[in-house]
2 protein chains.
Amino acid sequence: MSNEHSPPADWTAARDEFVAQWGSLGTQWGINRTMAQIHALLLISPTPLSTDDVMETLQVSRGNAHSNLKELVGWELVRSVPRKGERREFFEAEKDLWTVFLTVARQRARREIEPALRLLENCATRSEGASSDEGRLFHQQMVQLSEFIGFGLRVSDCVQRLRYPAALQFAMRLFPNSAAPKPPQLSP
Amino acid sequence: MSNEHSPPADWTAARDEFVAQWGSLGTQWGINRTMAQIHALLLISPTPLSTDDVMETLQVSRGNAHSNLKELVGWELVRSVPRKGERREFFEAEKDLWTVFLTVARQRARREIEPALRLLENCATRSEGASSDEGRLFHQQMVQLSEFIGFGLRVSDCVQRLRYPAALQFAMRLFPNSAAPKPPQLSP
DNA sequence: CTGTATTTTCAATAAATACTGAAAACACAG
DNA sequence: CTGTGTTTTCAGTATTTATTGAAAATACAG
């Protein structure tokens, strides 16, 4: 993994801190630590990594590395890339951040928001004719929540169709006082 | 709490399911079950509730109800309202969903995103002069991530200043094919 | 100050979640 | 088929997080 002529620079300390902290950050968002760390690792790796690479770097068991890699693949944030003449699997992360953002939004919408919306609509229907104060407020809030979340879902759908430059332009037009980041432009 | 002339309608079943499911939903987003359930409860309660009301309705201990109520107050999603001639505290949730959305966005930005941004900027600086492939990609990703997240923060800042109707209009202009929800209009 | 209602704290415990490691299943070369 | 390298599964264990309940602190009325 590490080779050649680089000075034993201390950016490696920054790397380790990034991986560790990204893991903690993840837990605050309902993502398990190891999964977030593997994602961090792959985000900054110039080459695809094997399960054993992950095990060694993060000092976790095979089962743990395996299941979290597979889950990342399930989230479409990581893909398995075959290597010529190698039997084992290698994994690489999607590195373009706009794509990562869209993917996370899409997956969370599908897995979590849409089921919630169904719940809310169902609750709204079931409380249709309520006559008490409590019942009417409940119905009202269910309708309001489902409309709010439904609207959010539709906006997200539209955003999915934007390429990064278009999204940027929209944002700039909407929020002139917020400077935009340079467009992502990764090396091949 | 329950009184008067309502038929023993079954919307109460819908209510119970809403509270329970909102709790599970919360856990997927890194919020503990009880806290999410208390929030759900207050969102649909026409009157402020006491700690004992919460304990009884959700069947949780005093300590649990207490600490989660206080944390909700800390998130500014719930406020304590004094009741004339009553010594104990009553709590009510912010019910306007646009306000709730802005509050959650603001709090998460402050508590989680801003610290992450500082980490990323720090990592970007510390890897400034890296010469290896790995080092340069790391630096590049740190810069990219911090710019992306920084931009998100600035957009969020701007959104904070929008009233709901203005936000709606913006969204409609951006995404003409997504029908908008009726503007929230709660009874006094 | 004394007594009572209420809030707050926190050590102990329970529940949920994540992780390990070894065994089983699988894939393929020879 | 046999042997070897790899992936997958999963029961057991460890870790983390949430919850309880009772004691301590607080607030106030009389």
Side-chain angles (χ1 to χ4, degrees), chain A residues 1 19-42 48-75 78-92 111-112, chain B residues 19-42 48-75 77-92 111-112:
Chain A
M1 203 54 38
V19 172
Q21 293 285 128
W22 204 250
S24 317
L25 236 241
T27 63
Q28 300 188 286
W29 286 84
I31 288 153
N32 94 4
R33 193 179 308 272
T34 304
M35 183 166 147
Q37 288 184 343
I38 294 177
H39 189 222
L41 205 60
L42 292 175
L49 302 183
S50 67
T51 304
D52 294 77
D53 293 333
V54 171
M55 286 168 62
E56 177 167 348
T57 311
L58 298 181
Q59 294 290 307
V60 297
S61 72
R62 179 173 306 282
N64 195 6
H66 174 78
S67 61
N68 282 298
L69 277 166
K70 286 300 150 131
E71 196 155 348
L72 281 166
V73 171
W75 276 72
V78 166
R79 50 187 162 270
S80 163
V81 293
R83 190 129 105 189
K84 47 173 189 188
E86 270 273 24
R87 190 117 69 82
R88 61 204 163 126
E89 282 192 295
F90 286 78
F91 299 91
E92 74 178 5
R111 297 167 185 233
E112 295 154 13
Chain B
V19 172
Q21 293 285 128
W22 203 249
S24 317
L25 236 242
T27 63
Q28 300 189 285
W29 286 83
I31 289 152
N32 95 7
R33 193 179 308 273
T34 305
M35 183 167 145
Q37 288 184 343
I38 294 177
H39 189 222
L41 205 60
L42 292 176
L49 302 183
S50 68
T51 303
D52 294 77
D53 292 333
V54 171
M55 286 169 62
E56 176 166 352
T57 310
L58 299 181
Q59 293 290 308
V60 297
S61 71
R62 178 173 307 284
N64 195 6
H66 173 78
S67 61
N68 282 298
L69 276 166
K70 285 300 151 130
E71 196 155 348
L72 281 166
V73 171
W75 277 72
L77 292 168
V78 166
R79 50 188 162 269
S80 162
V81 293
R83 190 130 103 190
K84 48 174 188 188
E86 270 272 25
R87 187 117 71 82
R88 63 204 161 127
E89 282 192 293
F90 286 78
F91 299 92
E92 74 179 2
R111 296 165 185 233
E112 294 155 12

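A note on names: the letters A, B, ... follow the listed sequences, proteins ahead of strands, and every chain is numbered from 1.
- Across the protein-nucleic acid pair, B/Glu71 atom CD and C/dT9 atom C1' stand 15 Å apart, rounded to whole Å.
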Dump every N/O contact between nucleotides 17-19 of chain C and the protein below 3.5 Å, one line per pair.
{"residue": "C/dC19", "atom": "OP1", "partner": "A/Thr34", "partner atom": "OG1", "Å": "2.5"}
{"residue": "C/dC19", "atom": "OP2", "partner": "A/Asn32", "partner atom": "ND2", "Å": "3.3"}
{"residue": "C/dC19", "atom": "OP2", "partner": "A/Thr34", "partner atom": "OG1", "Å": "3.2"}
{"residue": "C/dC19", "atom": "OP2", "partner": "A/Asn64", "partner atom": "OD1", "Å": "3.2"}
{"residue": "C/dC19", "atom": "O5'", "partner": "A/Asn64", "partner atom": "ND2", "Å": "3.4"}

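- The CD atom of A/Gln28 sits 10 Å away from the P atom of D/dT17 (whole-angstrom rounding).
- A heavy-atom distance below 4.5 Å is found between the side chains of B/Leu58 and B/Val19.
- Between the CD atom in B/Gln28 and the CZ atom in B/Arg33 there is a gap of 9.5 Å [rounded to 0.5 Å].
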Using nucleotides 6-8 of chain D, report all nitrogen or oxygen pairs with the protein that are shorter than 3.5 Å.
{"residue": "D/dT7", "atom": "OP1", "partner": "A/Glu89", "partner atom": "N", "Å": "2.7"}
{"residue": "D/dT8", "atom": "OP1", "partner": "A/Lys70", "partner atom": "NZ", "Å": "3.4"}
{"residue": "D/dT8", "atom": "OP2", "partner": "A/His66", "partner atom": "ND1", "Å": "3.3"}
{"residue": "D/dT8", "atom": "OP2", "partner": "A/His66", "partner atom": "NE2", "Å": "3.3"}
{"residue": "D/dT8", "atom": "OP2", "partner": "A/Lys70", "partner atom": "NZ", "Å": "3.0"}

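- For the atom pair NZ (B/Lys70) and CD (B/Glu89), the distance works out to 4.0 Å, reported to the nearest 0.5 Å.
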Evaluate the side-chain contact (heavy atoms from CB on, under 4.5 Å) criterion for residues B/Met35 and B/Trp75: first the C-alpha distance (whole Å), next the side-chain angles of each, then the deciding distance (0.1 Å), finally the verdict.
-> CA-CA 11 Å; B/Met35 183 167 145; B/Trp75 277 72; 4.0 Å; yes
Would you sort out whether A/Thr51 and A/Phe91 count as a side-chain contact (heavy atoms from CB on, under 4.5 Å), showing the intermediate values?
-> CA-CA 8 Å; A/Thr51 304; A/Phe91 299 91; 3.9 Å; yes
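- B/Glu56 places no side-chain N or O within donor-acceptor distance of the main-chain N or O of B/Asp53, the cut-off being under 3.5 Å.
- The side chain to side chain contact (heavy atoms under 4.5 Å, CB included) check on A/Thr34 picks up A/Asn32, A/Ile38, A/Val60, A/Asn64, A/Asn68, with sequence neighbours excluded.
- For the atom pair A/Trp29 CH2 and B/Ile31 CD1, the distance stands at 9.0 Å (nearest 0.5 Å).
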